[in-house]
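One structure is given below, encoded as structure tokens.
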Amino acid sequence: MNTAAAGTVYLVGAGPGDRGLMTARSLELIASADVILYDKLIPEDALAGARPDADLVDVGKIGGGKQVPQDLTTDMVVQHARAGRSVVRLKGGDPFVFGRGGEEAQACRAAGIPFEVVPGVTAGVAAPAYAGIPVTQRGVSPAVAFVTGHEDPAKPETQIDWPALAAFPGTLVFYMGVRQLPRISEQLIAGGRPASQPAAVVQRGTYGDQRSLVTTLGALPSDARAAGVKAPAITLIGDVAALGDELAWFADARPLAGVSVAVTRARAQASAIGARLRSLGASVVEAPTIRTVPLDFELPDLADRDLVVFTSPTGVERVFTAARDARALAGPTIVAIGPGTAAALRAHGVDPDLVPERSASEGVIESIADRTFSRAVIVRALEGRALLLDHLRERGVDTTLVAPYRTEPAVLDPELRDAALACDYALFASGSSVRSLHEAAGGSLEGPRVVSIGPATSAVLRDLGVEPAVEAGTHTPDGLLEALAVDVAARRAAGG
Ligand code: SAH
């Protein structure tokens, strides 16, 4: 991979919001940059792949308040690069489309700093596309104009030639300026566009909570107001807007659109579930309630073992810090609890012999019932369950426990806790995550509908007085998501 170079500035577009629309190049640069200066409007999780030691600077706002002034941002970009760092300047959509990327490039040129531009998928094309509206269409609209709606058309200093824009023979796409809709509509009609011409507004296009509305140029201001349309939104005027009703696809492709879900898992694992939820259209609050703490451990010689059980991806990673050579695992039967654990092993070139259907110790016990072993190793968290260890020892198997990490409750900041409790759903994949969110929430899980991964987790929930709304039939992350989807569909069908 071609990583970010020292002393270089990368003006990178992060796309309109759906993480899947980020370019391969943007992800590569985010993963390697020393410093990332990012705007407010970038995809959730856009920075998930950044180096743990990267300096992440939010230039979208100062302490939750005002936007960092452009001069200051430009200065920071130049200074970091001068100091020899690789700098990613991450912007929503495309950096050169109403993104002030051109000015930052000029500042780099003036300072003699090398820069690269990484275009992004721009909202003006993507938001309409996600609302089923092609910005051009053969026989309907042969041209498209991108326009800032930021300016007040009534002001004399406006840079926009409104009569010319009204006469433009094609689609008009307005960025910004939801508040200017009455003036925009007025000016275009005054310039000769028919009030009956189709128009559309797409709010938070490509995000899970995208909303869109198709109307006419004349009715646009009042319809948008009635619908409570807010920034960020793209406004599109032209006959192509009418295709939005015919070609709408987003709601079908995103069965969880508009649903907010709190996920409570240890960081590394939460992201995988979070990403899946987002791809189904959910908005996700990830509350890391567990954190793993690496422990010093001794790895016994695995060559003279005939069974090794891995219970978690973390366990796999930790063992491979000690056993760099996958051949150490060539002899014994390798059992992985859960598909994530199996995937972690495969990533190290080890294909597990057994991945029990039930992702729990019980599943392992069932799957090895008719096999004999003499010497085993179990890799698990220090505070893990004793069930499997006891079982093997009862069977006379000489079993060593390797605990290369422990888990402990992560302190949840109040803002995140409130966001989690305000969600439509909370997903629990383990008893310990139930306990820690419950604790962080001050002894109550009231608010979200609770989905539990299986009976053990449900038992913990009930102990704490929480009745799960749904319990997964298959006790895996996939099963958990499926249970959620079924519940959402059922409640929608019931009008809930
Ligand atoms: N450089 C960006 C635009 C930045 S200007 C790009 O190429 O997309 C900010 C404006 O972009 C917002 O006011 C809004 O009009 C539009 N915008 C950005 N993301 C959007 C989204 N997901 N849905 C709708 N409009 C969006």
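Counting convention: from 1, in listed order, for ligands and their atoms alike. Just the heavy atoms: all of them, side chains too, but no hydrogens, waters or symmetry mates, feed the values below.
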Can you check whether S433's main-chain N or O pairs, donor with acceptor, with S430's side chain at less than 3.5 Å?
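Indeed, once roles are kept as given, a pair shorter than 3.5 Å links the two residues.
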I need the L445 CG to E467 CD distance, nearest 0.5 Å.
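CD of E467 is found 13.0 Å from CG of L445.
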Nearest-0.5 Å distance, CH2 of residue W162 to CG of residue L188:
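Atom-to-atom, W162:CH2 and L188:CG are 5.5 Å apart.
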Is any side-chain heavy atom of D239 less than 4.5 Å from a side-chain heavy atom of P198?
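Yes, their side chains come closer than 4.5 Å.
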Would a 4.5 Å heavy-atom cut-off, applied to side chains only, mark L21 and Y130 as touching?
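In short, these two side chains touch, coming nearer than 4.5 Å.
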Can you report which non-hydrogen protein atom sits closest to [atom], along with the distance?
atom                    : answer
atom 10 (C) of ligand 1 : M176 CG, 3.7 Å
atom 3 (C) of ligand 1  : V97 O, 3.5 Å
atom 5 (S) of ligand 1  : F98 O, 3.5 Å
atom 2 (C) of ligand 1  : G92 O, 3.2 Å
atom 23 (N) of ligand 1 : G205 N, 2.7 Å
atom 11 (O) of ligand 1 : Y175 CD2, 3.5 Å

With a 4.0 Å cut-off on heavy atoms, is I234 in contact with ligand 1?
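Distance cut 4.0 Å: I234 passes for ligand 1.
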What do you reckon, does K91 put a non-hydrogen atom under 4.0 Å from ligand 1?
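Judged by the 4.0 Å heavy-atom criterion, K91 does not count as contacting ligand 1.
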Within the structure, does P95 bring an N/O atom to less than 3.5 angstrom of an N/O atom in ligand 1?
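For ligand 1, there is no N or O atom that lies under 3.5 Å from one belonging to P95.
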Give the table of side-chain donor-acceptor pairs shorter than 3.5 Å for residues 70-77, with sequence neighbours excluded, one pair per line with atom names and distance.
unit_1: Q70; atom_1: NE2; unit_2: T74; atom_2: OG1; d: 3.3
unit_1: Q70; atom_1: NE2; unit_2: E104; atom_2: OE2; d: 2.7
unit_1: T73; atom_1: OG1; unit_2: P69; atom_2: O; d: 3.3
unit_1: T74; atom_1: OG1; unit_2: Q70; atom_2: O; d: 2.8

Quick one: do [X] and [Y] make a salt bridge, cutoff under 4.0 Å?
X   : Y    : result
D18 : R254 : yes
R89 : D39  : yes
R25 : E28  : yes

Distance under 4.0 Å to a non-hydrogen atom of Y207: what atoms of ligand 1 satisfy this?
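Those of ligand 1 that fall under 4.0 Å from Y207 are 22 (N).
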Suppose I only count heavy atoms of V202 and a 4.0 Å limit; which atoms of ligand 1 are within that range?
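Near V202, meaning under 4.0 Å from one of its heavy atoms, ligand 1 has 24 (C).
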Using a heavy-atom cut-off of under 4.0 Å, does the side chain or the backbone of F174 touch ligand 1, or both, or neither?
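Contact part for F174 vs ligand 1: neither.
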From A233, G17, A123 - option closest to atom 14 (C) of ligand 1 by heavy atom:
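Result: the heavy atom closest to atom 14 (C) of ligand 1 is in A233.
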Between T122, L21, I42, L41, which one has a non-hydrogen atom sitting closest to atom 6 (C) of ligand 1?
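Checking each option, the heavy atom nearest atom 6 (C) of ligand 1 is found in T122.
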